[in-house]
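Working notes, beginning with the structure itself.
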Amino acid sequence: MPELPEVEVVRSGLDRYLPGRRIAQVFVLHPRAIRKHLAGPIDFQNRLVGREIAAVRRRGKYLWFEFEDDQILIGHLGMSGQFLLVPKDTEDEKHLRLRFVFSDWSTELRFVDQRTFGGMSLDEIGDEQDTKIPASLAHIALDPFHPDFQAAAVARRLRARKTEIKRLLLDQSLVSGIGNIYADESLWRAKIHPRRLASTLTIRQLMHLLEQARVVMSEALAAGGTSFDDLYVNVNGESGYFERGLAAYGRRGEPCPRCGRAIQREAFMNRSSHFCASCQRAPRTG
DNA sequence: AGGGCAACCTGGGGGC
DNA sequence: TGCCCCCAGGTTGCCC
């Protein structure tokens, strides 16, 4: 569920409350929530207790907690993950996976995740130039919100690939942060069919597409993200309201806001693509 | 090397 | 009620 705008809403909520807080206790309630931390739950707990959070950062759909040394705690929401800041005496959520208790604070941090595709792991800062990014996230490309994001360079990389443009938008090693919702919305805005081969587009068209991705995601961020149900909420449990801003995603059969023809849904990579067959012309086949 | 697909999970909704 | 199938904001690993 959560793509860049939703993860950024969560990150900013965490970063508003957590810097300066010291972890007093860590509870691992489901082992899958830390499956990428290979050293296991005891090591996970031992290495966190006593640490003070310095900042909460993000690249693409990953966020991470920085401490005062090179240790980093990475989090990914997967399809259904939530970070919630709640009073300690709040009843446990059904899918509560991790609990963080802080020194001298009546609020605790909870990681709740119905489908368990998300999780947390401990890592160290990598050596990538001056940017403090966890070593295990080195393969994650810059996202369109990053000040160093270079649309022209990314466009050249996209054009060099011999596959459909939507696959590439979803490839987090080329451009990060875009998922199924914002891929469909960006393609709709740029009037490009999702199955169009990237190599048939011009650099100018690809740069325009990347710009549409940045714009639609910043509009979504301003609206608090897209929430179809209560699986996506901010750290206070509130939904975002960008669903009303979506033109194509999840709108099969509804009129295209631009031309009025019905939005199509098509199976794609075990999921789906939504587009306007009139505004986004299908590539020739065969 | 790069492309394509199944697997990892839980739960909601629709059809019968 | 119940069962079965399909669907869902993502990533990974394995095959070719």
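Protein chains get the first letters and strands the later ones, always in sequence-line order, with residue 1 at the start of each.
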Partner of R58(A) by salt bridge (charged side-chain N to carboxylate O under 4.0 Å, His left out), out of E66(A), E3(A), E8(A): E8(A)
Just how far, in rounded Å, is C1' of dT11(C) from CD1 of I140(A)? 9 Å
Using a 4.0 Å heavy-atom cut-off, does Y62(A) contact any base of the nucleic acid, only the sugar-phosphate backbone, or nothing at all? sugar-phosphate
F117(A) CZ to dT12(C) C1', straight-line distance once rounded to whole Å: 11 Å
Within this structure, what is the CD-to-C1' distance between Q172(A) and dT11(C), rounded to whole angstrom? 9 Å
Distance test, side-chain N/O of H76(A) to OP1/OP2 of dT11(C), below 4.0 Å: yes
Nucleotide range of DNA chain B lying under 4.0 Å from chain A heavy atoms: dG3(B) to dG11(B)
Is it true that K88(A) and E108(A) have a side-chain N and a carboxylate O under 4.0 angstrom from each other? no
Roughly how many Å apart are dC5(C) and dA7(B), using the P atom of each and rounding to a whole number? 15 Å
Examine the side chains of R51(A) and Q71(A) and answer whether a donor and an acceptor come within less than 3.5 Å of each other. no
For the pair made of CG in L170(A) and C1' in dT11(C), what is the distance, rounded to whole Å? 11 Å
Interatomic spacing from OG in S186(A) to NZ in K166(A) - rounded to 0.5 Å: 10.5 Å
Please report the distance, rounded to the nearest Å, between NE2 in H139(A) and P in dT11(C). 9 Å
Pick the P atom in dC7(C) and in dC5(B), then give their distance to the nearest Å. 16 Å
Taking the side chain as every heavy atom from C-beta outward, state whether Q82(A) and D113(A) have any pair of such atoms under 4.5 Å apart. no
Do you see a donor-acceptor pair shorter than 3.5 Å between the side chains of Y62(A) and S176(A)? no
Please give the nucleotide sitting opposite dA7(B) as a Watson-Crick or G-U wobble pair, both distances under 3.5 Å, or none. dT11(C)
Could you give the distance from CG (L187(A)) to CG (L209(A)), rounded to the nearest 0.5 Å? 5.5 Å
Where do N or O atoms of nucleotides 5-8 of chain C meet protein N or O atoms at under 3.5 Å, pair by pair?
residue: dA8(C); atom: OP1; partner: S272(A); partner atom: OG; Å: 2.7
residue: dA8(C); atom: O3'; partner: Y249(A); partner atom: OH; Å: 3.2
residue: dA8(C); atom: N3; partner: R115(A); partner atom: NH1; Å: 3.1

Can you tell me which residue among F65(A), F83(A), F27(A) is in a ring pair (Phe, Tyr, Trp, His ring centres under 6.0 Å) with F111(A)? F83(A)
Using a 4.0 Å heavy-atom cut-off across all strands, classify D113(A) as base, sugar-phosphate, or nothing. nothing
Are the side chains of L109(A) and L14(A) in contact, using a 4.5 Å heavy-atom criterion? yes
